[in-house]
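Structure record follows, encoded as structure tokens.
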Amino acid sequence: MAGEPPVDVVCLGESMVTFLPSRPGRLADVPAFERAIGGAESNVACALAASGHRTRWVGRVGRDGFGDHLVETIGAHGVDVTAVDRDPRRPTGVYFRTAADRATDAHEVVYYRAGSAASAMSPATVPYETVADARVLHLTGITAALSDDCLALMRTLTAPRAGRPLVSFDVNCRPGLWRDGAAGAGPVLLELARRADLVFVGADEAEQAWGLGDPAGIRAALPEPAVLVVKRGADGATVHERTGPGTDTVVHVPAPRVDVVAAVGAGDAFAAGFLSATLRGLDATARLRHGHLLAAAALTVPGDLAAPPRRAHADRLAALAPAAWGTLQLGPGWTGDDQEGRTP
């Protein structure tokens with residue numbers, strides 16, 4: 001279509017090779033790992049591409065085999081990877097994790113990302129033209145934690161300017177990545193979130209970073225974004241959408257029951273579902289429900305990435321009456337048509 005941007009969503013950030021355990025147990029006891037990919041922003045790009053949107057991932061990887069694997073795998077998901085930079089001196093980041101739920105004390109993650117190629121991203125290495133031709137630019141707080149240069153890039157990309165894409169920002173507070181933990185992360189993440197148009201934040205991470213746990217308090221601290229989505233895990237999500245000066249429409253949608261296989265990738269998948277529905281012009285309830293559905297797809301597979309349901313299938317579930325939505329229970333394989341269940 002004439003005048004239409006060539007890309008729906010550009011996602012910028014670090015992607016890494018992840019090693020998934022062959023069985024449960026401590027990292028010290030796991031004998032073998034299966035290679036996969038992980039990265040909040042590339043996860044969103046892949047999920048959106050699988051949902052029928054034109055996406056581009058902008059990142060930086062080493063000129064090594066792991067970098068080859070990332071570029072080839074993300075590209076195979078239908079994502080444009082032509083803007084990915086290759087660093088001849090710095091390596092591609094990798095990490096290992098256990099099979100345990102992230103919420104338990106048994107969960108272990110070990111990152112080998114210090115000095116990675118992605119940490120060298122900066123305003124000088126990422127031309128603004130690589131992100132400016134999209135309808136949406138999706139960023140996360142993880143990038144800001146990687147280095148001072150990465151933080152400078154985030155400030156450049158979120159700065160007000162004429163004609164900038166809609167800026168989507170997932171707070172993604174990871175205290176372990178910040179020099180001073182949550183205390184160091186909080187002010188920076190608040191600054192970046194206030195410069196965005198659409199913000200995703202978990203109530204638990206808002207409590208960590210800002211000492212705020214309820215959606216109304218979070219909104220009071222973030223009055224600038226036109227849309228604020230507060231996620232509360234199994235308790236659902238709430239969207240605050242500005243309808244006038246100082247006035248919001250507030251919608252809450254409970255999450256469906258999910259038979260969880262692995263509690264990884266759900267936040268990225270939620271953002272992808274919400275963004276997909278936003279690009280399609282759907283209402284707030286439908287946007288939240290599509291977020292929940294893609295999160296459920298991620299929760300019912302072992303890795304970070306899951307094939308989303310076909311659009312007609314997701315639309316049918318998102319259109320359920322409130323009572324029917326409240327009885328929805330989703331388990332492994334549900335993304336195939338007519339595989340969802342109901343609770344009594």
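No hydrogens, no waters, no symmetry mates; every other heavy atom, side chains included, goes into these values. Values in this document were obtained by computation on a predicted structure and should not be read as measured data.
Between L299 and the choices V261, V258, D259, the side-chain contact (heavy atoms from CB on, under 4.5 Å) rule is met once, by V258. In summary, of the residues considered (V171, V199, N172, V201), a side-chain contact (heavy atoms from CB on, under 4.5 Å) with L189 occurs for V171 alone.
With respect to the salt-bridge test (charged N to carboxylate O, under 4.0 angstrom), the residues R86 and D68 qualify. Electrostatic pairing of R90 and D87 counts as a salt bridge here, judged by a charged N lying under 4.0 Å from a carboxylate O.
With rounding to the nearest 0.5 angstrom, the CZ atom of F169 is 5.0 Å from the CE atom of M154. Rounded to the nearest 0.5 Å, atoms CZ (R242) and CG (L228) are 10.5 Å apart. Here the CG atom belonging to D204 is positioned 9.5 Å from the CZ atom belonging to R232, to the nearest 0.5 angstrom. A distance of 7.5 Å separates OG1 of T327 from CZ of R257, quoted to the nearest 0.5 Å. The CG atom of L293 lies 11.0 Å from the OG1 atom of T335; values are rounded to the nearest 0.5 Å. E207 contributes atom CD, which lies 11.5 Å from atom SG of C173 (distance to the nearest 0.5 angstrom).
For T300 (side chain) and A296 (main-chain N/O), a donor-acceptor pair under 3.5 Å exists by modelled atom type. For R56 (side chain) and A83 (main-chain N/O), no donor-acceptor pair under 3.5 Å exists by modelled atom type. A donor-acceptor pair under 3.5 Å links the side-chain atoms of T55 to the main chain of A45, judged by distance alone. Distance alone, capped at 3.5 Å, places no donor-acceptor pair between the W334 side chain and the Q329 backbone. At least one donor-acceptor pair closer than 3.5 Å links the side chain of W210 to the backbone N or O of G186. A side-chain donor-acceptor contact under 3.5 Å links R219 to the backbone of L222. Between the side chain of H240 and the backbone N or O of V227 there is no donor-acceptor pair closer than 3.5 Å. When atom types are taken as modelled, the side chain of S147 and the backbone of S119 share a donor-acceptor pair closer than 3.5 angstrom.
Taking 4.5 Å as the limit, every side-chain heavy atom of V167 sits out of range of all side-chain heavy atoms of R195. Looking only at side-chain heavy atoms (C-beta outward), R23 and D29 come within less than 4.5 Å of each other. Residues H77 and S42 have side chains not in contact (no heavy-atom distance under 4.5 Å, counting atoms from C-beta outward). The closest side-chain heavy-atom distance from P165 to V131 is not below 4.5 Å. Between R135 and L166, the closest side-chain pair of non-hydrogen atoms is not below 4.5 Å. You'll find the side chain of T130 stays beyond 4.5 Å of the side chain of V10, heavy atoms only. In this structure the side chain of E41 reaches within 4.5 angstrom of the side chain of T143, judged on heavy atoms. Residues V109 and R174 fail the side-chain proximity criterion, which asks for heavy atoms closer than 4.5 Å.
Note on V239: it does not cluster hydrophobically with L294, by side-chain heavy-atom contacts below 4.5 Å among ILVMFWY residues. A chain of hydrophobic side-chain contacts below 4.5 Å, direct or via other Ile, Leu, Val, Met, Phe, Trp or Tyr residues, connects V126 to I142. Neither V301 nor I74 shares a network with the other; the hydrophobic side chains, linked directly or stepwise wherever heavy atoms of I, L, V, M, F, W or Y lie under 4.5 Å apart, form separate groups for each. Residue V81 is not grouped with residue M121 when hydrophobic side chains (ILVMFWY) are merged at heavy-atom distances under 4.5 angstrom, including chains of intermediate members. When hydrophobic clusters are built by joining Ile, Leu, Val, Met, Phe, Trp and Tyr residues whose side-chain heavy atoms come closer than 4.5 Å, directly or via intermediates, V84 is not grouped with V7.
Other residues, nucleotides and ligands contribute only 12 or fewer heavy atoms inside 6.0 Å of the CD atom of E34.
Across all non-hydrogen atoms, the minimal contact from S276 to S51 is OG-CB, 4.3 Å. Summarising the geometry of V44 relative to D268, their closest heavy-atom pair is CG2-O, 3.4 Å, with the distance given to 0.1 Å. Here the shortest heavy-atom pairing between A36 and L20 reads CB-CD1, 4.0 Å. Minimum heavy-atom separation, A193 to P225: O-CG, 3.4 Å. Nearest approach of L212 to G217, heavy atoms of both residues: CD1-O, 3.8 Å. Nearest approach of G38 to Y95, heavy atoms of both residues: CA-OH, 4.1 Å.
Judged by the 6.0 Å distance and 45° axis criteria, R161 is positioned over the aromatic ring of Y128.
Judged purely by distance below 3.5 Å, without hydrogens or angles, the side chains of D80 and T82 pair a donor atom with an acceptor atom. Judged purely by distance below 3.5 Å, without hydrogens or angles, the side chains of E241 and T249 never pair a donor atom with an acceptor atom.
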Please test T98 against E108 for side chain to side chain donor-acceptor pair (under 3.5 Å), starting from the C-alpha separation and ending with a verdict. CA-CA 5 Å; T98 55; E108 296 175 76; 5.1 Å; no

Using the rule given for side-chain contact (heavy atoms from CB on, under 4.5 Å), can you reason through H53 versus V9, listing the C-alpha separation, both sets of side-chain angles and the distance that settles it, and then say yes or no? CA-CA 8 Å; H53 299 283; V9 183; 5.6 Å; no

Intermediate values then yes/no, side-chain contact (heavy atoms from CB on, under 4.5 Å), R35 and V17: CA-CA 7 Å; R35 184 182 63 178; V17 173; 3.5 Å; yes

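Aromatic ring orientation, F19 versus F96: parallel (interplanar angle below 30°, classes split at 30° and 60°).
Ring centroids of F274 and H290 are separated by 6.0 Å or more, keeping the two rings apart.
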